[in-house]
Amino acid sequence: MAERQTPSGKPTKAILRIDDLQVFYGESHALQGVSLTLESGVLSVVGRNGMGKSTLCNTIVGLKRAKSGSIRVDGREITSLEPHEIHRLGVGYVPQGRRVWPSLTVDEHLRLAAGNRRDASWTVERVYQTFPRLAERRTNGGSQLSGGEQQMLAISRALLSDPKLLVMDEPTEGLAPIIVDQVEQMLVDLAAEGEMAVLVIEQNIGVATAVSNQVAIMVNGRINRLMDAKALAADRELQQRLLGVGRHAEEAPVTPAEAAQAKEQLAEVYRVDRTGSAEPTPRNGVYRPVTELPNRWNVPVTELRQAAVDKTAPQDDLKKVFAIPFAERIGRTVLVVGTFDTKGKELRFVADRLKSLGIPVRTVDLSTSGKPTSADVPAMQVAGMHPRGSSAVFTNDRGGSVSAMADAFARWIEREPRIGGVISAGGSGGTTLATAGMRVLPVGIPKLMVSTVAAGDVAKYVGGADIMMFHSVADVQGLNSITEQVLSNAAHAMAGMVAQLPNAEAWEAKRKLARPAVGITMFGVTTPAVQAVTRRLEADYDCLVFHATGIGGRAMENLGDSRLLSAFLDLTTTEVADMIVGGVFPATEDRFGAAIRTGLPYVGSTGALDMVNFGPRDSVPEKFRSRKFVIHNPNVTLMRTTRDENRAFGEWIGTRLNAMNGPVRFLLPEGGVSMLDALGQPFHDPEADNALFEAVEKTVRQTPLRHVERVRANINDTPFVDAVISAFHAITPKLQRRA
């Protein structure tokens, strides 16, 4: 056993103190009142799979939010901090599964993690001394390392931050015995050196008891007991009861009557097929039938049913894990991106113009031909970021290759810090490639696309981003008097934007003084409600209003994805109606996606779902000629939605609300969803509205975090505004005022 050394007679302050930690996944209570203290040395936490160990790690490092309770690191409360803020306070994290970058070498990993700190006790050189194998493999990429080497790299990456507290999630999982011994010895050495405290989540009882004096045992989301490591190592029966594959000794046996009752309550989940079929969904369909009895911990049948549905939901992607704070996104280096195999001369001209103005430049090749170029970042490196690897990009199908490279570039650029701007030049293919990456960057980072298609409809290229489309006039093919002037102007425009871009320190200082920003959706027929809400919130919040014309909703969600919003007040969801029925202001299938991905507080409503938007009256499709219309102006015609259409809206919205893991309040205005839907107005139709409301209520799975509420008022009436403000404050109690 590793004996923890502490200076005698010297008072110690716990490096980690957790009190009554409560964490939920939907209705599932993952951590149930966890309390734990680590003063120094190494503390091991052991338990079976599914007991909450990884959730505990993720909550400590900020990747999962606690509903209540306290986590203090070196005396400071961290439960409301972002992951990067927790990291800066001295918390290092070695995640389960290592998570090394396949395209970076060992040395690049370590140099990136080390940064420019001069007074660090852990340096790259010290890492190489600690792990000589990494020194031997320093030029190898992450994907070329063995599992043990990747684990060494993941541990080293965390050590280079000089942590006060090192959190390690399953550090020996999947490793060969000889590598396990090395990791175990390293933990013992860290404990002896006393430079940091280490919290080890481990299923290997031998390792857990060898590296620490005490072991915390987790059972069903609770710390079942804290015991001496030597005692646990010697007690095989206790290991079997608490940590083995058998039943928990403390569990009450399931009686035959309880088992029979549970079996009767089990339900199969069906998917309704409009063609008339009502067969149980196959296992690769949308839902999987619940056909198993409750597990050994007697999970209620309702939770089993919910778990079966949740298994089919998309898993969280790595965006949350690798999200870069906006302040760290800002830099001075401009990325000149494009297909260097065909547009190399033109792109290098842009790069040279920027360099002549003193702007640092990095060239990125997006070509799909496989030909070598002189770009700083070769196409093979970008293509390697595709989920299926570079082989998915370099194919004989040009259309498929362009689409795959666009996806790879978007994944590559969202992991790049210190970007001053992005500029590109090309035709329709090059525009597709470059703007795919531009769209994933936060609003505020300059993005400029010199394109042959910039004079036409560019909505599919711009999306909700702040991309400047710059018409090339002549084709981007060779340098001549026109293209040189256009490309020079574009380069100068980019240089001007970069020159005025605040640095990271200025941005962070501005952010701390600014009011939290809230995204609000509005249409002309919901203007009174939005204006009243804004007046009530603007003293404490920066209220950003978005016109719900399709692109407005996308722009708001883009800001949410960029973490430039603190909450959504999505009162006007009319874009869903245009998407489903076929209007001119449609949402995309990703509507509500930002709230799903970020978990930001969300208050929504059914604003203006009583209408679908068309252009001039004579542009309305023939199939709608018999419907009820209001001529909003000569260029906008509004069509009243039907009962069946409203039912479809409610089901679609309800499904999206179910995918949100953050706090949600969705309000249904029984007095009408718009100005035109009020009593006595041309679109007043209580039957259609009620079909909408009932569909939302039946579809949404209400939980402690997700509520649907009816309000007896029109959306523009004061009682509804009161309900919005009340709901908003109910789910954003911890938002901190920055002014």
Side-chain angles (χ1 to χ4, degrees), residues 12-25 29-45 52-96 99 113 115 117 122 157-169 195-201 216 218 221-223 316 320-328 508-509 511-512 516 563 566-567 598-601 661-663 705 731-738:
T12 60
K13 177 169 63 175
I15 189 65
L16 174 67
R17 186 180 299 278
I18 302 173
D19 293 309
D20 193 25
L21 194 64
Q22 309 283 346
V23 178
F24 287 77
Y25 289 96
H29 200 169
L31 297 184
Q32 306 176 28
V34 169
S35 295
L36 205 60
T37 299
L38 172 57
E39 293 183 353
S40 61
V42 182
L43 174 65
S44 297
V45 179
K53 305 187 303 297
S54 291
T55 298
L56 177 62
C57 284
N58 290 335
T59 308
I60 292 171
V61 300
L63 297 177
K64 178 65 181 174
R65 290 289 186 187
K67 185 174 183 181
S68 63
S70 171
I71 304 174
R72 292 183 174 273
V73 172
D74 203 20
R76 176 164 177 178
E77 180 64 45
I78 65 169
T79 50
S80 63
L81 299 183
E82 294 295 325
H84 68 280
E85 295 172 320
I86 295 173
H87 176 74
R88 287 172 181 167
L89 287 177
V91 179
Y93 183 38
V94 182
Q96 186 177 15
R99 295 179 187 170
R117 293 174 294 112
W122 276 93
R157 188 174 55 193
L159 291 175
L160 285 169
S161 66
D162 274 351
K164 301 174 185 175
L165 170 67
L166 182 62
V167 180
M168 306 179 74
D169 191 1
E195 293 183 15
M196 67 191 75
V198 184
L199 181 70
V200 179
I201 305 299
M218 286 199 75
R222 298 183 177 91
I223 299 298
D316 290 343
K320 294 180 180 178
V321 178
F322 292 106
I324 301 175
F326 186 72
E328 295 179 18
E508 191 65 21
R511 182 190 69 83
K512 290 179 179 178
R563 289 288 184 173
S566 61
T598 63
L600 290 173
N661 292 318
L705 288 178
I731 64 174
T732 56
K734 295 183 179 179
L735 284 179
Q736 298 177 355
R737 300 183 184 181
R738 293 173 180 154

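Basis for what follows: all heavy atoms, side chains included, without hydrogens, waters or symmetry-related copies.
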For Ser161 and His87 the tightest heavy-atom approach is CB-CE1, 3.4 Å
Might you point out which heavy atoms bring Pro601 and Ser566 nearest each other, and give the distance in Å?
-> CD-O, 3.4 Å
Can you find a heavy atom in the side chain of [X] that is under 4.5 Å from one in the side chain of [Y]?
X	Y	value
Leu81	Leu89	yes
Val34	Thr59	no
Ile71	Leu21	yes
Pro163	Val91	no
Tyr25	Thr55	yes
Leu159	Leu166	yes
Leu16	Leu43	no
Asp19	Arg72	no

Rounded to the nearest 0.5 Å, what separates atom [atom1] in [X] from atom [atom2] in [Y]?
X	Y	atom1	atom2	result
Glu85	Ile78	CD	CD1	11.0 Å
Arg157	Arg99	CZ	CZ	9.0 Å
Leu63	Cys57	CG	SG	10.0 Å
Ser54	Lys64	OG	NZ	13.5 Å
Gln32	Arg222	CD	CZ	4.0 Å
Leu165	Ser40	CG	OG	11.5 Å

For Leu31, which of Leu56, Ile18, Asp20 qualifies under side chain to side chain contact (heavy atoms under 4.5 Å, CB included)?
->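 Among the candidates, only Leu56 passes.
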Met168 and Ile201: side chain to side chain contact (heavy atoms under 4.5 Å, CB included), yes or no, with the steps?
-> CA-CA 6 Å; Met168 306 179 74; Ile201 305 299; over 6 Å; no
Can a salt bridge be assigned to the pair Arg17 and Glu77 using a cut-off of 4.0 Å between side-chain N and carboxylate O?
-> no
Please confirm whether the backbone N or O of Phe24 pairs with a side-chain atom of Arg65, one donor and one acceptor, at under 3.5 Å?
-> no
